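As structure tokens, the structure follows; a few thoughts come after it.
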Amino acid sequence: MLRYLLEKEFKQIRRDRFMPKIIFIIPIMQLIILPFAANFEMRNINLSIVDNDHSITSTQLVDKVLSSGYFRLTDRSERYDEALTSVESNESDIILEIPSDFERDLGKEGTADVMIAANAVNGTKGGLGSSYLSSIIQDFNREKGFTSVGSGRGVTSINLFNPHLNYKIYMVPGIMVFLLTIIGGSISALNIVSEKEKGTIEQINVSPVPKSLFLLSKLIPFWVIGFVLLTVAILVAWLIYGLVPEGSFGVIYLFAAVYLIAFTGFGLAISSFSSTQQQAMLTAFFFLIIFALLSGLFTPISSMPEWAQKITLANPVRYFVEVMRMVYLKGSSFADLQGHFVIVCLFAIFFNLLAVISYRKKG
Amino acid sequence: MKAIEVKQLTKRFGTFTAVDHISFEVEPGEIFGFLGANGAGKTTAMRMLCGLSIPTSGEARVAGFDVYRESESIKRNIGYMSQKFSLYGDLKVWENIRLFGGIYGLSKQQLSRKTDELLDILGLEKERNTLVDSLPLGWKQKLSFSVAIIHEPKIVFLDEPTGGVDPVTRRQFWELIYEAAARGITVFVTTHYMDEAEYCNRVSIMVDGKIEALDSPSALKRDFKTTNMNQVFHALARKATRGE
């Protein structure tokens with residue numbers, strides 16, 4: 001029985017004009033566009049420079065700062081007050097003031113102070129900007145052999161697994177998760193509801209096909225599609241970003257297998273509560289948006305308020321995003337991820353039970 | 001054994017009684033017309049008999065199986081053709097036949113034999129590889145009926161099978177029904193067309209969830225002192241208090 005039902009599903013999917021687009025074009029577009037759009041790296045920070053020294057060393061420092069590519073010079077002011085005016089009018093984000101005895105002090109004492117003032121109205125820009133700026137100055141120190149320029153005694157952090165803090169590398173594994181979530185969670189829901197709309201589901205319902213078998217015949221194709229999609233995404237990540245997982249493909253596919261079952265179950269459950277495709281779409285997106293925002297994909301979970309952090313514990317997407325990042329960036333093995341695996345399995349069981357029970361009830 | 005036995009069958013949706021204590025029996029091999037105006041409760045009654053909906057109260061046995069406890073056995077022994085066209089439009093003609101034949105457990109040989117036989121009877125040999133969506137409605141309905149009885153069920157339920165179909169095709173459709181009945185398949189059919197009611201062995205007429213009349217068309221016409229079923233139907237349906 002299942003064989004005939006699966007044959008039917010695959011034929012229909014192949015003939016659907018919309019499906020191949022969803023399966024191949026959308027993931028490629030998302031992987032190309034999203035990492036750039038959701039990039040937290042700051043560029044074009046507006047910088048005001050107040051150089052009171054006008055010496056060779058101070059000019060070298062300014063050149064170094066500007067050549068880093070992170071800053072855009074808005075103005076060179078004679079006095080700090082003038083620079084502050086441009087901050088107040090929102091033209092610049094950061095002021096770098098070099099005192100008049102800069103070169104002399106450096107030569108004599110091997111140390112000199114510069115002042116960095118950041119506009120904290122846009123906190124991220126100000127914060128990131130001043131930390132970029134101080135690390136550039138430290139670089140300058142090292143090159144020149146000075147012990148310290150500016151406040152050299154600050155805390156420095158080194159990013160171990162993503163040393164250049166490349167956000168694309170950080171985003172891509174997460175976006176893969178998001179793609180699988182959409183396919184599993186919404187396309188499967190639409191598929192069953194369209195059978196309701198057309199009335200074909202009635203014909204199946206009066207036949208001896210058990211409900212669970214019918215659901216299985218819907219689950220398997222989306223499971224296979226999910227694997228194809230994941231493979232396409234992994235290839236795209238490799239071709240465009242040169243990104244290859246540090247860990248094993250086995251772990252990725254094992255998790256994806258269970259995760260897809262979970263989300264297809266989610267989609268099937270939604271479809272049993274909807275009678276039109278619009279309903280199914282809106283219901284699915286209501287949950288998917290919450291899942292996406294609370295997954296740690298776009299914003300770190302650790303910076304969410306306490307209550308939101310608690311909600312993320314009930315979010316399957318969160319676990320798979322963590323897994324993908326750990327496997328891709330850190331090379332975590334299955335042993336490191338056992339806890340995650342159990343949780344994803346529980347979600348798979350929960351959603352599929354919900355789907356089967358709700359379908360039984362609706363009769 | 002009766003093909004269908006119904007006693008005091010009732011279905012309520014909240015306070016609304018869609019089917020109100022109906023009782024009737026259908027003999028094996030009979031063509032039984034199930035008539036009634038829109039909203040009289042025909043489809044609801046039929047869905048209960050097919051195991052698609054659970055009755056609120058009353059008894060019903062279809063092909064000898066109880067509708068409450070043995071709906072899975074009922075499903076193996078009936079065919080059903082719904083009001084809405086329900087073959088897969090994005091599958092080809094032969095693919096639909098294969099799918100439904102396969103679901104009912106036909107073997108490979110049976111499937112290929114049935115497919116040829118069916119296409120031959122319907123004159124659809126040339127359309128074997130046509131997507132069902134691109135067939136004209138009348139052909140779709142005939143195909144749909146043939147697929148509904150592909151597994152030679154004991155009973156076939158037809159819910160307004162000829163809605164929107166031209167008179168010539170309706171005529172051909174009824175020939176298919178007669179052939180099926182001649183093979184011993186019990187036919188339970190709802191319709192709006194009173195000329196079709198004349199083709200049935202017996203008809204029941206439902207008004208507001210109750211069966212108001214049940215007999216052969218000729219007996220009904222005699223009782224209502226008229227010459228056509230149309231007038232019988234109007235005489236009864238006029239009493240209806242609920243609309244669509």
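Atom set for the values below is all heavy atoms of this structure, side chains included, hydrogens, waters and symmetry mates excluded. Computed from a predicted structure; not experimentally measured.
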Item checked: Per-residue contact mode, B:Phe100 against chain A (heavy atom under 4.5 angstrom) -> side chain
Notebook entry, point to check: So which part of A:Leu213 gets closer than 4.5 Å to some heavy atom of chain B, the side chain, the backbone, both or neither?
Noted result: neither
Margin query: Using every non-hydrogen atom in the two residues, find where A:Gly199 and B:Ser86 come nearest and quote the distance to one decimal.
Written below: O-CB, 3.6 Å
Margin query: A quick test of your reading: do over 12 heavy atoms of other residues, nucleotides or ligands sit less than 6.0 Å from CH2 of B:Trp94?
Written below: yes
Item checked: Atom of B:Leu87, atom of A:Thr200 and distance for their closest heavy-atom approach -> O-CG2, 3.4 Å
Note to self: Is any side-chain heavy atom of B:Arg47 closer than 4.5 Å to one of A:Glu202?
What the structure shows: yes
Next item on the list: Find the distance between CG (B:Leu99) and CD (A:Gln12) and round it off to the nearest 0.5 Å.
Entry: 8.5 Å
Check: Nearest 0.5 Å, what's the OH-CD distance between B:Tyr88 and A:Glu195?
Finding: 3.5 Å
Next item on the list: Check each atom of B:Ile54 against the heavy atoms of chain A and say whether the ones under 4.5 Å are side chain, backbone, both or neither.
Entry: neither
Next item on the list: Could you tell me which portion of B:Leu106 (side chain, backbone, both or neither) has an atom closer than 4.5 angstrom to a non-hydrogen atom of chain A?
Entry: backbone
Checklist line | Pairwise distance NZ(B:Lys92) to CZ(A:Arg15) - rounded to 0.5 angstrom | finding: 4.5 Å
Checklist line | Nearest non-hydrogen partners of B:Tyr104 and A:Val206, listed with the distance | finding: OH-O, 3.9 Å
Checklist line | Selection residues 15-24 of chain B - residue pairs positive for salt bridge (charged side-chain N to carboxylate O under 4.0 Å, His left out), sequence neighbours left out | finding: B:Asp20-B:Lys210
Margin query: To the nearest 0.5 Å, what is the distance between CD1 on A:Ile201 and OG on B:Ser82?
Written below: 12.0 Å
Note to self: Using 0.5 Å steps for rounding, measure from the CG atom of B:Asp90 to the NZ atom of A:Lys198.
What the structure shows: 5.0 Å
Note to self: I need the residue from B:His151, B:Lys75, B:Met81 with the largest number of non-hydrogen atom pairs under 4.5 Å to chain A.
What the structure shows: B:Lys75
